[in-house]
Amino acid sequence: MEKRVKERREGLRPLDGEPTGVVLRFAPNPNGPMSLGHSRGVVINSEFARMHEGEVILRFDDTDTKRKPPSIEAYDTIAKEFEWLTGRAPDRIVTASERMPLYLAHVIEDIEAERAYVCTCAAGDFKELRDAKKTCPCRSLATTEHVERWERMNDPKGGWQDGDAVVRIRTDLTLPNPALRDWPALRIQTAPHPKVGDAYRVWPLLDYQSAIEDHLQGVTHIVRGKDLMDSTRKQTLLYDMRGWKYPDTLYWGRVKVHEFGSFSTSAMRTDIEAGTYSGWDDPRLPTIAAFRSKGYAPEAIRSFWLEQGLTQKDIAVSMKTIESHNVKAIESTTPRYSFVQDPLSRRLGMHETWPSNCFNIPSHPENASMGNRQWPAPKDGDSILIQATDFSASLRLKEFANVTVSEDAAIVEDFDRSDRRQIIHWVLEHHSRDAVLLIVEENQIKRHPGRLENVDLELGKVVQLERVGFAIVTEIQEDGTLVFTYLHD
RNA sequence: GCUGGUAUGGUGUAGUUCGGUCCAUCAUGGCGGGUUUUCAUUCCGUCGACCCGGGUUCAAAUCCCGGUACUAGCACCA
């Protein structure tokens with residue numbers, strides 16, 4: 001047996017056996033838009049599909065109408081966010097609530113084949129029995145009785161309410177892992193569903209719905225969080241009884257971003273509704289909507305997740321890491337502009353005129369194809385603006401001249417760089433406009449007013465403000481003032 | 001308590017399947033420096049790790065045994 005040459009692998013480790021025609025799925029609960037955490041599932045699953053010439057399904061697991069009620073806008077939002085992230089639409093979109101008849105048909109098969117039964121024990125009682133590896137009284141009832149119970153569960157006039165009965169999958173009760181013993185598969189849920197109303201009374205739980213759907217869709221590989229390991233084990237028990245082959249399964253660990261605390265979709269919804277945050281795209285929130293509106297490139301989010309790979313370690317990463325991916329993605333094509341915060345005005349004194357009637361500054365020093373910013377040539381008597389914190393007697397105005405600065409004037413000494421004095425960014429007062437930079441500091445949004453060199457920028461444009469960092473145009477006010485939101489260094 | 005999972009520098013990650021090419025990869029970060037453009041970006045240099053203890057072996061990050069730490073499930077959530 002020859003040993004493979006060790007070399008650094010780029011990207012994800014290929015799936016075992018390097019299969020082609022794989023089918024993967026990303027299965028979010030549509031109870032809100034995508035979070036950064038969700039995007040990992042999107043990126044990893046689509047990347048495997050791409051690597052192995054397969055398909056990726058976007059599946060909405062919307063079978064909880066009570067604790068995690070689906071949000072009707074989220075279906076569309078998530079589909080669009082999926083496309084934004086990967087650059088292409090999912091190969092298939094499946095919505096669990098629209099496929100209920102299929103699941104319910106499988107339940108009756110499972111009950112008749114004695115793979116499942118209807119249990120009316122109180123949850124606490126059942127747990128005690130289960131922990132003692134004892135069967136509950138319902139389990140030994142005749143199959144015909146279970147079929148009747150099943151019909152009664154589904155009958156609004158049957159007298160059973162939420163919590164009164166549950167369908168369980170029959171397993172070996174001596175299984176060492178208590179979590180797997182006679183696991184619950186469906187429950188009564190009378191809260192209406194935003195898509196199908198009260199068309200169904202009994203809804204499958206994730207483990208059952210997902211198990212059946214993965215089989216129906218021909219899913220070959222499941223990539224999910226390791227918190228779902230027991231889900232795999234439960235579902236495998238059902239697959240074995242049905243003679244199905246369970247997909248190959250891979251796991252990732254939990255990811256925490258230092259800068260964001262723990263956010264749940266429902267907690268974010270509460271805060272947005274309370275006005276703590278302006279919306280799902282509030283720059284302080286770890287949602288894809290926020291990353292997108294802050295100016296992150298989808299390829300940055302992709303390369304970030306690909307770099308994390310598929311380890312089962314629970315990790316805590318810094319936003320700096322995500323930011324560095326974004327810098328790589330946008331740096332070479334982002335134009336630079338001069339933005340002077342807290343400006344001081346000085347009269348320009350020039351003994352010698354600028355040798356041209358216009359003043360060109362490259363839009364990007366390393367990318368000449370981006371062209372130049374054209375300013376009018378600075379003239380004797382013009383007012384220039386410099387940042388208050390830069391004020392010093394001897395300065396160099398970037399791209400322009402060495403100056404001696406006093407309380408009211410800036411006198412040009414010479415144009416060529418001739419010494420090591422500090423270089424500062426500046427603007428011509430008559431060739432600049434008001435602008436405000438919004439920066440999130442300590443979870444508060446702070447305003448930094450200043451003057452931006454004259455340039456037309458449309459909403460959503462990402463720029464690099466010299467000596468400040470990257471920012472995106474988030475608002476253009478009536479009076480022409482540009483509002484930027486700070487992105488990162 | 002029961003059942004799993006994971007452990008490589010400050011943070012991530014490659015290498016662990018098949019022990020040697022690993023005095024351990026790449027990135028991020030920190031530090032220092034360069035750039036006719038400089039608190040941003042960019043470039044260069046540098047710092048820094050195999051959880052612990054035994055064992056097997058000529059040779060262990062990699063195999064075995066025993067610890068420890070962290071983490072997940074045991075929901076009529078996904």
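Keep in mind the model is a prediction, meaning the values are calculated, not measured. The sequence lines fix the lettering, A, B, ..., with proteins before strands; numbering per chain opens at 1.
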K.L.:
Between A:W203 and A:Y103 (judged by ring centroids, cut-off 6.0 Å), do the two rings come close enough to count as a pair?
P.N.:
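No, the ring centres sit 6.0 Å or more apart.
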K.L.:
In whole Å, I'd like the distance from the CD atom of A:E366 to the P atom of B:A40.
P.N.:
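It works out to 14 Å between those atoms.
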K.L.:
Could you tell me whether the side chain of A:R336 has a donor or acceptor atom within less than 3.5 Å of a complementary atom in the base of B:A40?
P.N.:
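Yes, a donor-acceptor pair under 3.5 Å.
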K.L.:
Checking base pairs now: Watson-Crick or wobble, both atom distances under 3.5 Å. What partners B:A40?
P.N.:
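Matched B:A40 with nothing under the 3.5 Å cut-off.
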K.L.:
To the nearest Å, how far apart are A:D314 CG and B:G5 C1'?
P.N.:
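Rounding to the nearest Å, CG of A:D314 and C1' of B:G5 are 9 Å apart.
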K.L.:
Checking A:K195 against A:Y75: charged group under 6.0 Å from the ring centre and within 45 degrees of the axis?
P.N.:
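Yes, a cation-pi geometry holds between A:K195 and A:Y75.
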K.L.:
Can you figure out which of B:A75, B:C39, B:A78 approaches the side chain of A:K127 most closely?
P.N.:
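Given the options B:A75, B:C39, B:A78, the side chain of A:K127 is closest to B:A75.
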K.L.:
Quote, to the nearest angstrom, the P distance that separates B:U3 from B:A49.
P.N.:
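Taking atom P in both B:U3 and B:A49, they lie 38 Å apart.
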K.L.:
Pick out which of A:K127, A:K133, A:R139, A:R115 makes a salt bridge (charged side-chain N to carboxylate O under 4.0 Å, His left out) with A:D182.
P.N.:
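Answer to the salt bridge (charged side-chain N to carboxylate O under 4.0 Å, His left out) test with A:D182 among A:K127, A:K133, A:R139, A:R115: A:R139.
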K.L.:
Nearest-Å distance, CD (A:Q422) to C1' (B:U35)?
P.N.:
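Rounded to whole Å, this separation is 16 Å.
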K.L.:
Ignoring hydrogens, what is the shortest heavy-atom contact between A:Y486 and A:G469? Give both atom names and the distance.
P.N.:
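What the structure gives for the nearest pair is CE1-CA, 4.1 Å.
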K.L.:
Can you tell me the base-pairing partner of B:A49? Count Watson-Crick or G-U wobble geometry only, both distances below 3.5 Å, and say none if there is no partner.
P.N.:
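Pairing partner, where one exists within any strand: none, as none qualifies.
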K.L.:
Do the side-chain N or O atoms of A:K328 get closer than 4.0 angstrom to the phosphate oxygens (OP1, OP2) of B:U28?
P.N.:
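Indeed, a polar side-chain atom of A:K328 lies that close.
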K.L.:
Can the ring centres of A:H488 and A:Y296 be said to be less than 6.0 Å apart?
P.N.:
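Here the rings of A:Y296 and A:H488 have centres that are less than 6.0 Å from each other.
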K.L.:
Which nucleotide in the list B:U28, B:G5, B:C76 gets nearest to the side chain of A:T321?
P.N.:
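Selected nucleotide: B:U28.
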K.L.:
So which nucleotide does B:U6 pair with, by the Watson-Crick or G-U wobble rule with both distances under 3.5 Å?
P.N.:
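WC or wobble partner is B:A69.
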K.L.:
Below the 4.0 Å mark, does B:A78 have OP1 or OP2 next to a side-chain nitrogen or oxygen of A:T63?
P.N.:
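So the side chain of A:T63 is within the cut-off, an N or O lying under 4.0 Å from OP1 or OP2 of B:A78.
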K.L.:
Ring centres under 6.0 Å, that's the criterion: do A:F400 and A:F359 meet it?
P.N.:
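So the answer is yes for these two rings.
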K.L.:
Where each residue is assigned the nucleotide of RNA chain B containing its nearest heavy atom, which of A:A401 and A:D131 is assigned the position nearer the 5′ end?
P.N.:
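Looking at RNA chain B, the more 5' nearest nucleotide goes with A:A401.
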K.L.:
Measure the distance from CH2 on A:W426 to P on B:U38 and round it to the nearest whole Å.
P.N.:
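These atoms are roughly 15 Å apart.
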K.L.:
Could you tell me how far apart A:L228 (CG) and B:G4 (P) are, to the nearest whole angstrom?
P.N.:
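Rounded to whole Å, this separation is 18 Å.
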K.L.:
Starting the side chain at C-beta, find the nucleotide from B:G73, B:G12, B:U38 nearest to A:Q308.
P.N.:
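My answer, after comparing the listed nucleotides, is B:G12.
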K.L.:
At under 4.0 Å, does any side-chain N or O of A:R254 touch on OP1 or OP2 of B:C70?
P.N.:
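Checking A:R254 against B:C70: no side-chain N or O falls below 4.0 Å of OP1 or OP2.
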K.L.:
So if I take every side-chain heavy atom of A:V327 and compare against B:A27, B:G73, B:U41, which nucleotide ends up nearest?
P.N.:
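The nucleotide sitting nearest to the side chain is B:U41.
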K.L.:
Can you tell me the base-pairing partner of B:U17? Count Watson-Crick or G-U wobble geometry only, both distances below 3.5 Å, and say none if there is no partner.
P.N.:
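When the pairing criteria are applied, nothing turns out to pair with B:U17, so the answer is none.
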K.L.:
Base, sugar-phosphate or nothing for A:A316? Non-hydrogen atoms, less than 4.0 Å.
P.N.:
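The answer is sugar-phosphate, as A:A316 gets under 4.0 Å only of primed atoms, P, OP1 or OP2.
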K.L.:
Scan every strand shown for a Watson-Crick or G-U wobble partner of B:U11, both distances under 3.5 Å, and answer none if you come up empty.
P.N.:
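Check on B:U11: paired to B:A27, both distances under 3.5 Å.
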K.L.:
Can you check the A:Q464 CD to B:U42 C1' distance for me, whole Å?
P.N.:
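Rounded to the whole Å, the gap is 9 Å.
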K.L.:
Look at the side chain of A:R233 and decide which nucleotide, out of B:U42, B:C76, B:G4, has an atom nearest to it.
P.N.:
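Comparing B:U42, B:C76, B:G4 against the side chain of A:R233, the answer is B:G4.
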K.L.:
B:U42, OP1 or OP2 - any side-chain N/O from A:R467 closer than 4.0 Å?
P.N.:
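No, because none of the side-chain N or O atoms of A:R467 sits under 4.0 Å from OP1 or OP2 of B:U42.
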K.L.:
Give a yes or no on whether a donor-acceptor pair under 3.5 Å exists between the nucleobase atoms of B:C39, that is its base, and the side chain of A:D390.
P.N.:
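It does, because a donor-acceptor pair links the side chain of A:D390 to the base of B:C39 below 3.5 Å.
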K.L.:
Indicate whether OP1 or OP2 belonging to B:U8 is found under 4.0 Å from a side-chain N or O atom of A:K313.
P.N.:
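Yes.
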K.L.:
Any side-chain N or O of A:R187 less than 4.0 Å from the OP1 or OP2 oxygen of B:C77?
P.N.:
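Yes, such a contact exists.
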K.L.:
Say we look at B:C39 and B:G45: how far apart would their P atoms be, to the nearest angstrom?
P.N.:
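The same atom, P, in both gives a distance of 23 Å.
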K.L.:
Compute both the distance and the angle, then confirm whether A:R224 meets the cation-pi test with A:F26: under 6.0 Å from the six-membered ring centre, within 45 degrees of the axis.
P.N.:
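Geometry flag: not set, cation outside 6.0 Å or 45°.
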K.L.:
Using the P atoms only, state how far B:U57 lies from B:U11, rounded to an integer number of Å.
P.N.:
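Comparing P positions in B:U11 and B:U57 gives a spacing of 36 Å.
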K.L.:
B:C39 P sits how many Å from A:I386 CD1, rounded?
P.N.:
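The distance from CD1 of A:I386 to P of B:C39 comes to 14 Å, rounded to the nearest Å.
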K.L.:
May I have the step-by-step check of side chain to side chain donor-acceptor pair (under 3.5 Å) for A:D230 and A:N177, ending in yes or no?
P.N.:
CA-CA 9 Å; A:D230 281 348; A:N177 185 348; 3.3 Å; yes
K.L.:
If we take the P atom in both B:A75 and B:G53, what is their distance in whole Å?
P.N.:
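The answer is 39 Å between these two P atoms.
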K.L.:
Do any side-chain nitrogens or oxygens of A:R67 fall under 4.0 Å of OP1 or OP2 in B:C77?
P.N.:
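Yes, such a contact exists.
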K.L.:
Considering only atom P, compute the distance from B:U71 to B:G30 and round it to an integer number of Å.
P.N.:
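Per the computed distance, 27 Å lies between those P atoms.
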K.L.:
Would you measure the distance from the P atom in B:A69 across to the matching atom in B:G29 and give it in whole Å?
P.N.:
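Straight-line distance between the two P atoms is 34 Å.
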K.L.:
Decide if the gap between the ring center of A:W305 and the ring center of A:W252 is smaller than 6.0 angstrom.
P.N.:
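No; A:W252 has its ring centre 6.0 Å or more from that of A:W305.
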K.L.:
If you check the A:Q387 side chain, which of B:U41, B:C39, B:A78 turns out closest?
P.N.:
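Nearest nucleotide to the side chain: B:C39.
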K.L.:
Which of the following nucleotides, B:U6, B:G73, B:C76, is nearest to the side chain of A:V166?
P.N.:
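So the nucleotide nearest the side chain must be B:C76.
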K.L.:
Go through B:U11, B:C39, B:U3 for me and flag the one nearest to the A:N177 side chain.
P.N.:
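Looking only at heavy atoms from C-beta outward on A:N177, the closest nucleotide is B:U3.
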K.L.:
Using heavy atoms to find the nearest nucleotide of RNA chain B for A:H364 and A:R181 separately, return the residue whose nucleotide is more 5′.
P.N.:
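Mapping each residue to its closest nucleotide by heavy atoms, the 5'-most match is A:R181.
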K.L.:
Applying a 3.5 Å limit to both distances, which nucleotide forms a Watson-Crick or G-U wobble pair with B:U57?
P.N.:
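Matched B:U57 with nothing under the 3.5 Å cut-off.
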K.L.:
Partner lookup for B:A75, please. Criteria are Watson-Crick or G-U wobble with both distances under 3.5 angstrom; report none if nothing qualifies.
P.N.:
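Paired with B:A75, as far as the under-3.5 Å criterion goes, is no nucleotide at all.
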K.L.:
Which part of the nucleic acid, if any, lies within reach of A:I423 when heavy atoms closer than 4.0 Å are counted: base, sugar-phosphate only, or nothing?
P.N.:
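Base, at least one base atom sits under 4.0 Å.
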K.L.:
Say we look at B:G15 and B:U25: how far apart would their C1' atoms be, to the nearest angstrom?
P.N.:
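Going atom to atom, C1' in each nucleotide, I get 7 Å.
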K.L.:
Kindly say whether A:A297 contributes a backbone atom to a donor-acceptor pair with the side chain of A:N326 at under 3.5 angstrom?
P.N.:
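Flag set: sc A:N326 to bb A:A297 pair under 3.5 Å.
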K.L.:
A:F470 CZ to B:A40 C1': how many Å, rounded?
P.N.:
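It is 8 Å, rounded to the nearest whole Å.
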K.L.:
For a quick test of reading the model: is some side-chain N or O of A:T311 closer than 4.0 Å to OP1 or OP2 of B:U13?
P.N.:
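Indeed, a polar side-chain atom of A:T311 lies that close.
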K.L.:
Taking the side chain of A:P178 as its heavy atoms from C-beta onward, which of B:G73, B:C76, B:U41 lies nearest to it?
P.N.:
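Closest nucleotide among those given: B:G73.
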K.L.:
Out of B:U42, B:A75, B:A78, which nucleotide sits closest to the side chain of A:D61?
P.N.:
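It is B:A78.
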K.L.:
Please report the distance separating the P of B:G5 from the corresponding atom of B:U46, rounded so that it comes out in whole Å.
P.N.:
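About 42 Å, rounded to a whole number of Å.
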